Amino acid sequence: MCGRFACGLAPDVVRRLSTYMNSQTQETILPPYIDLMSSIQPFRTSWNLPPTSTCLCLISAKHLDETEDSATRVLCSMRWSLVPHYHKGSLNEYKPILNNCRVETIEEKPTFNVPLKNGRRCVILAEGFYEWKQNVPKTPYFIYETEPLINEKHYPNIDTDKILEKIDKDNQGKLPLLAMAGIFDINRNCETDPLYSCTVCTVDASETMLNVHVRMPAILTTQQEIDQWLDFGRYDTEKVLPLLVSHNDIQMYRVTPSVGSTKTNDMNNIRPFIADQNNKTISPNRNTLDSFIIKGKSFEEPTSKNDNIKKTKKTPTKRGQSSIEDYMFKDTKSSRKRFKK
DNA sequence: CCAGACGTTGTT
DNA sequence: GTCTGG
DNA sequence: CCAGACGTTGTT
DNA sequence: GTCTGG
């Protein structure tokens, strides 16, 4: 499932990271950014985005301009939590919080199938998402595909070029972005007309994800998958729904319990978190990853009777030799797996 | 015909 | 327990 | 998703 | 808007 995520990168950075090769023209294109939520609730960079907040996503440009080719992409902001096209009245009068939609039943639910028939598919961009393991006390994890930048000196409020340089150098050019498949709709009855809102498609948890939860977002992993998911002109529903499968090429670590409150929206949320012997919080404030390692703390799973969580093997950490990998769940198997219903 | 629903999650 | 706000 | 509130009256 | 139930 996906009920909270992080996107602390400025729209301009996300835009630059969304540079793509147009499959029709073979041109490298920097997509335009269109803040569709500017008059309602403009996108704000945050490491703690809950349902109903404004997020960033990619859609086909043809949704906004009929004359555009459907392979052309646009980066835009939308409300996360679908407000269906049929809803009448104000935004807040719509009670169900539709932040997720189940892939298994997407075609039998009118709320999702109608936008789907209109090709309203989007890709919601995040550095990673959070999941609370439902033990006592419940413990939050940050789940991601590519390691995010976790040195606050580098973003969000610095020069875009410098961040890109940093990603290129420290992240081997891998993009610290997760592409979650989503459905969006347009509501023209609200006083906030038109309202663009989206929902994250969910699938059964993959092996790695099962450490924490039984559902997970459908993640798109290649430019080809993103191309097909977005290009409703060339790929119909039947062709693209099979793209939405459990994905196992993810990593995760525990994060601070303070991520529970949406008031806490700083970068500490996506740093590895370690509890002390009494399971009390060691505040990650001002700590960099290195300072955890220097304290010699290991990644400890909370234990409880019902817990069958896998423990990561712990090797004593030496100063200066440890890396973020010491705090991760590791994948051992292939990146993809299909799970039968 | 009109009225009313239209959803996911987790938990029991 | 249930709703609202973020 | 989680956290936090959940209320009225009269008076300053 | 569109489907289901009465």
Side-chain angles (χ1 to χ4, degrees), chain A residues 1-8 37 40-55 79-120 124 126-143 178 180-190 193-195 197-205 209-210 212-218 244 252 254-266 269-270 273 281 306 341:
Chain A
M1 197 237 315
C2 184
R4 203 78 75 83
F5 66 82
C7 187
M37 289 289 287
I40 305 162
Q41 189 181 70
F43 173 78
R44 298 290 299 273
T45 234
S46 168
W47 284 278
N48 205 342
L49 293 165
T52 73
S53 63
T54 301
C55 68
R79 170 191 163 99
W80 176 34
S81 280
L82 199 81
V83 177
H85 59 99
Y86 54 75
H87 171 67
K88 310 237 194 283
S90 78
L91 194 54
N92 299 324
E93 279 167 359
Y94 189 70
K95 285 304 168 205
I97 295 294
L98 306 181
N99 57 305
N100 291 150
C101 68
R102 295 177 67 89
V103 169
E104 296 90 328
T105 53
I106 208 165
E107 287 183 289
E108 52 193 64
K109 306 285 185 183
T111 298
F112 302 130
N113 195 33
V114 172
L116 192 59
K117 279 192 287 194
N118 286 311
R120 291 179 179 167
I124 296 153
E127 289 170 270
F129 62 96
Y130 301 102
E131 198 66 65
W132 278 260
K133 190 179 169 69
Q134 299 293 321
N135 46 15
V136 184
K138 48 189 167 190
T139 47
Y141 289 78
F142 179 65
I143 299 122
L178 194 64
M180 299 185 284
I183 302 289
F184 72 95
D185 208 351
I186 308 170
N187 185 295
R188 299 187 185 280
N189 307 314
C190 286
D193 169 35
L195 173 68
S197 60
C198 62
T199 182
V200 172
C201 301
T202 63
V203 293
D204 277 336
M209 192 64 204
L210 278 173
V212 180
H213 202 66
V214 298
R215 301 286 295 174
M216 71 186 292
L244 308 189
M252 64 179 77
R254 259 186 87 181
V255 291
T256 173
S258 355
V259 73
S261 171
T262 51
K263 288 175 182 169
T264 312
N265 63 0
D266 56 277
N269 288 342
I270 61 169
F273 167 82
T281 298
N306 305 328
K341 248 188 90 178

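Basis for what follows: all heavy atoms, side chains included, without hydrogens, waters or symmetry-related copies. In the text below, chain A, chain B and the rest are named by the order of the sequence lines, each starting its count at 1. All figures in this text were calculated on a predicted structure; none of them were measured in a lab.
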- Are the side chains of A:Val255 and A:Asn269 in touch, meaning some heavy atoms are under 4.5 Å apart? no

(request) Write down the distance separating the P atoms in B:dT9 and D:dC2, rounded off to the nearest Å. (result) 13 Å

To the nearest angstrom, the NZ-C1' distance between A:Lys109 and B:dT9 comes to 13 Å

Taken to the nearest whole Å, OH/A:Tyr141 to P/D:dC2 is 14 Å

So, does A:Thr199 use its side chain to make a donor-acceptor pair with the main chain of A:Asn99 at under 3.5 Å?
-> yes

For DNA chain B, consecutive-pair runs of 3 or more (Watson-Crick or G-U wobble, both H-bond-type distances under 3.5 Å) give B:1-6 with E:1-6

A:Met209 atom CE is separated from B:dT9 atom C1', nearest whole Å, by 13 Å

Rounded to whole Å, NE2 of A:His87 lies from P of B:dC6 at a distance of 15 Å

Between A:Glu131 and A:Tyr86, the residue closer to the 5' end of DNA chain B by nearest nucleotide is A:Tyr86

- request: Indicate yes or no for a side-chain donor-acceptor contact from A:Asn187 to the backbone of A:Pro84 under 3.5 Å, with no hydrogens or angles considered.
  value: yes

Give a yes/no answer on whether the side chain of A:Arg215 brings an N or O atom under 4.0 Å of OP1 or OP2 in B:dT8. no

field: Pairwise C1' distance, D:dC1 and B:dG7 [rounded to whole Å]
entry: 15 Å

Exercise. With a 4.5 Å limit on heavy-atom distance, are the side chains of A:Lys88 and A:Glu93 in contact?
Worked result: no

Heavy atoms, side chains only, cut-off 4.5 Å: are A:Asn100 and A:Cys2 in contact?
-> yes

Would you measure the distance from the C1' atom in B:dA3 across to the matching atom in D:dT8 and give it in whole Å?
39 Å

Out of B:dT8, B:dT11, E:dG1, minimum distance to the side chain of A:Gln134 belongs to B:dT11

Here the gap from A:Asn118 atom CG to A:Asp185 atom CG, rounded to the nearest 0.5 Å, amounts to 7.5 Å

Protein-nucleotides 4-6 of chain C N/O pairs under 3.5 Å:
{"from": "C:dG6", "atom 1": "N2", "to": "A:Arg4", "atom 2": "NH2", "distance (Å)": "3.4"}
{"from": "C:dG6", "atom 1": "N3", "to": "A:Thr262", "atom 2": "OG1", "distance (Å)": "3.4"}

Nearest heavy-atom approach of A:Ala6 to A:Phe142 is CB-CE1, 4.0 Å

A:Glu108 CD to B:dT8 C1', in whole Å, measures 14 Å

**Asked** Is there a side-chain contact between A:Thr52 and A:Gln41 (heavy atoms, below 4.5 Å)?
**Response** no

Rounded to whole Å, the CH2-C1' distance (A:Trp47 to D:dC2) equals 20 Å

Looking only at E:dG1, D:dC2, B:dT9, the nucleotide nearest the A:Thr202 side chain is B:dT9

task: Measure the shortest side-chain to side-chain distance between A:Tyr86 and A:Pro110 over non-hydrogen atoms and say whether it is less than 4.5 angstrom.
output: no

Taken in chain and number order and not counting sequence neighbours, the residues that satisfy ring-ring contact (aromatic ring centres under 6.0 Å, His included) with A:Phe184 are A:His63

Ordered by number, residues from residues 110-117 of chain A within less than 4.0 Å of DNA chain B (heavy atoms) are A:Pro110, A:Thr111, A:Phe112

Residues at least two apart in sequence or cross-chain that pass ring-ring contact (aromatic ring centres under 6.0 Å, His included) with A:His87, listed by chain then number, are A:Tyr94

(Q) Just to be sure I understand the rule, does A:Ser53 reach a base, reach only the sugar-phosphate, or reach nothing, if contact means heavy atoms closer than 4.0 Å? (A) nothing

A:Met209 side chain near A:Glu131 side chain, heavy-atom distance below 4.5 Å: yes

Rounded to whole Å, the CG-P distance (A:Leu98 to B:dT9) equals 11 Å

- prompt: If we take the C1' atom in both C:dT2 and B:dC6, what is their distance in whole Å?
  reply: 22 Å

Regarding the side chain of A:Arg102, the nearest nucleotide among E:dG1, D:dC1, B:dT9 is B:dT9

Contacts of A:Phe129 meeting ring-ring contact (aromatic ring centres under 6.0 Å, His included) (sequence neighbours excluded), chain-then-number -> none

A:Met180 CE to D:dC1 C1', in whole Å, measures 12 Å

